[in-house]
Each structure stands twice: as C-alpha cells, then as structure tokens.
Amino acid sequence: MIDEHEKLDFRVQQWIFKQGWDRLREIQCLAIDPILTGCTDVLISASTAAGKTEAFFLPAISTIAEDKRGVGILYISPLKALINDQDRRLESLADILDLQVTPWHGDSAQGRKSKLKRNPSGIVLITPESLESLLIRDSGWVKSAFQNLKHIVIDEFHAFIGTERGHHLLSLLHRLEHLLGRLKTPIPRTALSATLGELETVPLSLRPNKSLPCKIIKQTQSSASLKMQVKGYIETNTAVGDAVRAEQLVCNDLYELCRGGNHLVFANSRSRTEILAAVLADMCESNAVPNEFFPHHGSLSKEMRETLEARLQQEKLPTTAICTMTLELGIDIGKVNSVVQVTAPHSIASLRQRMGRSGRRGGASILRMLITENELTKQSSIVDKLRLELVQSLAMVRLLVASKWYEPADSLLLHFSTLLHQILALTAQWGGIRADQIYSLLCKDGPFQHVTVAHFKCLLSHMGNTELITQLGSGELVLGHAGEKITNHYSFYAVFKTPEEFRIVSGSKTLGTLPVDSLILEGQHIVFAGKRWVVELVDVEKKVIFVNRAKGGQPPKFGGAGMAIHDVVRQEMFKILSESDYKIKVGEHRIEFADEIAQSLFQEAAKFFQTANLVKNNFIQQGNRTVILPWAGDKVVNTIVAVLISKGFAAGAFAGVIEIEKADSQDVINALKSFQTDGTISANELAESIPEKAIDKFDEYLPESLLIHGYGAKAFDIDNAKIKVEELLEVY
DNA sequence: GACCTGCTGCGGGGTG
C-alpha cells in the first residue's frame, strides 16, 4: 500500500510531494485502483476534511492527463458555494498538469463558460440544474464536448438521496449516458459522502439499474473520540410569546460555553436563530466586550453569510455562528471547537453531519444538546409530562453513538412531479421523441422504476389534454403550447420549489402563516401560536386555513408540526422510558451523558410512565379526551390520525402522541378494530380527503388520480399502521 | 414552530 501512489501520473506524484505529505491516507490509497481502472462505481465515505476530494481527483486526473480532447471529469455539487470552494482547491493541481477547470453554475463567470464552449477540456464543476439547462439548450455541444468523459463525481451525495432533486440527478446522469451512447459501457460514478451508516444500500441510490458494480471505500474507525452532553432547562410559566425571556437561560450557558472560541450553534429555525444571536449580542454589549455571535441562515444575504464564513475560516477572531442547516453541508469553514444543538435534532443523519463539524486536528468532536422543558402544571399535556423533547434527544444520542444507524430514504415515493418534469425536459431536449422511448429511458431502465405502464399512459394522455405535449401525425411527441411556455422559462430547471405558505385565519384575524407541506385535514386539531385550534375549512384557491379555538388544557411545547420522526427513534424512546434508563452501555460501564437537570427531568418522565403503566396502557382516557401512545414513526401516526378523522373523530397528533377530542376510549378502540378488520380503507382513499395535495413543484400539472396516488404513498403507510394497531389492540 | 438547495438570455450603462 505504501507504493500505491506510484501508479499515479508522475506530475500528480510531484504535486503530492510539494504538499509536504509524507504519505497518502488510507482512503486515498484504496481509491487509486478502482478509479484508475474505471470499470466500477465508487462510494467514498469519510468524515469532513479526511481528504475525500483528493481521494477521487488524484487518480481521476491521472487518467485524463495525457488525452486532453474534450471534458474528462464532470463534478456535480448540490451547492454553488461548494463549486467555488472546489475551483480554488483544484487550482494548483490542475496547473501542474495544465488542465482547464471550469466552474459552471448560475453565478459563475461567463468568460470561463465561453472558453469551455470553444475549447471543451479538463474538469467541469456543475450543479444538476445547470446540467439540465445544457442538455435542453445545447445537447449537440454536450454530445461532442463530453464524448471523451471518463469520470462523474457527486459531492455530498447524502444531500441527494431520496429527494426529488436526487431523482432528477439520477435521471440527468442516465440521459447523459444515453446521449453519449454509453448505456452499454457506463461512465463510472463516484459518490462522496461524510454520512456513515448503512452503506450497502447506497449503491442502489447511485445507479438504480445496477449496470456497473460499486466499490465501497470506508474510512476505518478513526481514533478521534466524541464528547457529548445533554443539558436540561426548565422554563417557568412565561407568558406565551415571550420568546426572548424563554431563551435567556440557554443564552447564559451559550455565552459561557462559546465566548473566546469558534463554535456552531444549531437552532433549528430561522426565528430562534435570530433570537439567540440578538440576546447573545446584547450580552456582549452590556458586558462591554466585542460581539462574537452572529446568525447564519437562508434568508440572510449572500454577503452577510460569506463574511461570517470567512471569519470562521480565518480563525483570527473568536466566532460563534448561530445557524440553521446552512452550515451543515461541507462549505469550507474549517473545524470548530464544539457544536451545540439547541432543541431536539430532526434526524440522526443531520446530527451526525453537524457533529462532524467539530474535532480539530484529529481531537475529539464535542457536541452539546440544550433542551428546554415546560414547568408542569395541572393543565400540562401528556407530551410535557413525558418530557418527549428531552427523551427524543436522549434516544437520538443513543442511536448516534451506539448503533451507527441513520434514517434511510423512503423508497416508496413515486416522484410523479419530477417524472413530469423529466418528460418535458426530454421532449425539449430531443425536439421530438416517441412515447416508448421516453418510457424505457426514464422508467424501464432509468430512475422511475416504480412507475407502471398504466401510470405512465395516464400521465402522458393528461399531458396531451392540457397541451403540455402534442402528438404529431408521425406519432412523435413534441412540446405543446403550455409545455413550450414552461420549459422556455429559466425557472423550469430546478425540480424543487419554495413551499407556498397558507394564512391561518381565525374569525377575521390572521394568526400567521404555515407551509403547506404538512398534513392539514378539515376537522384536524393543531397547535399554532401556543394555542389549540381546530381546522374548519381549507381554501386552496386563496391559500387560507380557517380555524376556531379548541378547548382542552395547555398545548404541548413540542411537536405540533415538523419533520417526520422515524419508527426506530420512537421505539428507542419507548425503550428508555420503559427501562427508566438512557445511559449507554460500554462493556461493564454505563455512560452518563446528561447533566443534573436533564437527569431529574428524565426521572420525572420515567416515574409518570411507570405510574400510568404506559408499557401496557395504550389508550388513556383524560376527561372526555382519549390519548393514544403508539410509539411509532410519524408516517404511521399520521395514517392512524387520518383513519380516525375519516371515521368522524376530531383527532390530532403532537410529538407522536395522538389526541382525540370528545371521544370515549372504547369508541376509539372499536373504530380501530373496524379499520383492522373491514380492510376497505386505502392510502388513496385517505389522500382523497386531503384538501391540498399539490406539494411538489409540478404536482399542479398531474392528473387527479396520480396526484392522489403519489400523495397517498408519501403521507400514509396502511400496512404498517395495521400492524401497529394490532399491537395496540392486543390487550383490549 | 422547520430547514435547505437552483435557474437564461439579453439589453443597458459604465469602465479601461
């Protein structure tokens, strides 16, 4: 392995020598053979700053050093900022081999693009959207410029897996291989990712038709350790809306923990990011010290974000960024002293990604979680009594540390919105194309393999009826009037959309706005602005949700909406509550990772859990309300809620706990028994009663039947809901 | 009380 580098181009070896590296790292050595030979896909999984990019580029560049006709390497990134970073990092290596590097995205220099158009060669760094625009507008040039393409590499691959954009990317790569006549001799793909976990499933996400094998290269367990702590806070009954006062305790600790060093504080929402940054800046001012706390999120200007990124990277002044997921991906900010997570993380995959941002010079990663729970009153909801935000956080730490598990992509999604986009894109690219060609390219051999011929026919005929496409006398399909209009606008290229917001209105008063990507059913109970509401009417046209006040105790602080929590996380929560123990076993020892307040909050929750006998008691009657504790993921929970609403109950779910108003538990049990035995309710049927089903960008152009089908597959899981209901009913 | 990502071609005006 020591001499592995000698297989690289002589000039690449010289470059390595000039960097002062005494030897290549393990993943870099392991990547040399598979990338030089080019007859396999490669997945490189290693932490941030472990040299993944070089692991790909050193051998890949060696294979194109001699033959410079045409573009040799295509690098694809989810972010423009990463392309700019990569352009800088490749400069010296490319210079030594006299290779052209061209960043190609919406904001990159026109001059360098024109130069590539005249003389295509070297390395192109591009986004999926820019690649789409090249295929549609200039596929002839792409065909000749990429004729000699030897490698495709995808950075931050986990950011694409399971998403609409990821499906778009797979479709683009398949269309590119088709255009270049390389379906039989596929161009090897390399995926780079820092997210560890179930790597065996990833090759299928990289090439669904398996026309090339995939070599997995994984960083062996680094000696770097992880230090983590969960800190608890109790919020005394603050007036609702006094967000600043509520965050003061957390800010006192943040000030002590972070001042003087470089840290990232992940706050989960833009508004909380702003509040924390403002409170901390005020604290600096009143203590007469320079401010070193700054916000970073998607609504801030590019300039503000870049200034803060540069300040973090330079490490000249102590800096703490209070941020959302904008600082989660691999933008070049160097490593920080520690990472702080305020409020429960949304997924273990993102927690792992955030954690990897700390750990300087091979030292330990340091992660703290600051979790605030409400002080209990007589009115407190069961979500508060069970301290579910804290319990979820403890469960996620355990899964992160002990089991190396992370949330897999939902493989049941049908991606009809993206399929419609790709039909339009293919038609625009080819000018005219036959239906059977589209079907085999996109569905049979491409990434939309779940789509049946019947679905595809239904979609095409609807697209014909709505003038998105038109069939010529020859049988070929071309763009229709509506299709021309959509594809001619630059907004066509991206498959994801910025979600529209619905106004929440009570009487004549607007309470605020809510993105429509969450489940909203008429009759559903929701929490908004710290109060309980029942949805009366959804006006899809005007984008308004009319609500009325609902009675029934103090609403829970946590879990009214948000990202879907996975089954495995809820089961881990149930496990630690029923065992009254969250500590992590290592050999004979049990590792404590919670501070005193978090420990006592957990004990409170565990005691409530035991006293109410919640191991067995799945249906709880509280006055005229019934509460169900299914300990299941949100897809199953949402399915049970929708089933109950379809049977006339007023149901809602918070943090995975189902609450049914004005309902006797025996009636609820009977309703669930009939759901289990009558076998008539399908996901499509539940989806039909959803007022607004158009979630993804091109959903509005889908025929109603496919819209329902796609929504049903995305929101509901009848099979697993039945299994869960059977479990719940076992003792009843 | 979620969060994030991306995009064309052209015309007009200023600068060297």
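Lettering of chains follows the sequences in order, A, B, ..., and the numbering in each one begins at 1. These figures come from a predicted structure and were not determined experimentally. Only this structure's heavy atoms are used, side chains among them; waters, hydrogens and symmetry mates stay out.
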- With A:Thr326, which of A:Glu309, A:His296, A:His297, A:Arg305 fulfils side chain to side chain donor-acceptor pair (under 3.5 Å)? A:His296
- Going by the angle between their ring planes, with limits at 30° and 60°, are A:Phe448 and A:His415 parallel, tilted or perpendicular? perpendicular
- Relative to the ring of A:Phe492, is the ring of A:Phe698 parallel (under 30°), tilted (30 to 60°) or perpendicular (over 60°)? perpendicular
Taking 4.0 Å as the cut-off, does a side-chain nitrogen or oxygen of [X] come that near to OP1 or OP2 on [N]?
| X | N | result |
| --- | --- | --- |
| A:Lys497 | B:dT5 | no |
| A:Arg305 | B:dT5 | yes |
| A:Arg270 | B:dG1 | no |
| A:Thr127 | B:dG6 | no |
| A:Ser133 | B:dC7 | no |
| A:Ser130 | B:dC7 | yes |

- Quickly work out the A:Phe157 CZ to B:dT5 C1' distance and round it to whole Å. 16 Å
- Task: Please report, rounded to the nearest Å, how far the P atom of B:dT5 is from the CG atom of A:Leu131.
- Result: 20 Å
- Note on the structure: Comparing nearest nucleotides in DNA chain B, the 5'-proximal residue of the pair A:Gly106, A:His297 is A:His297
- Message: Heavy atoms from C-beta onward define the side chain here; which of B:dC3, B:dC7, B:dT5 lies closest to that of A:Met325?
- Response: B:dC3
List every contact pair, protein side and nucleotides 12-16 of chain B side both N or O, where the distance is under 3.5 Å.
none

- Salt bridge between A:Glu164 and A:Lys497, side-chain N to carboxylate O under 4.0 Å? no
- Query: Does A:Arg368 come within less than 4.0 Å of A:Asp253, counting only side-chain N to carboxylate O?
  - Reply: no
- Message: Tell me if the NZ atom of A:Lys143 is crowded by more than 12 foreign heavy atoms within 6.0 Å.
- Response: no
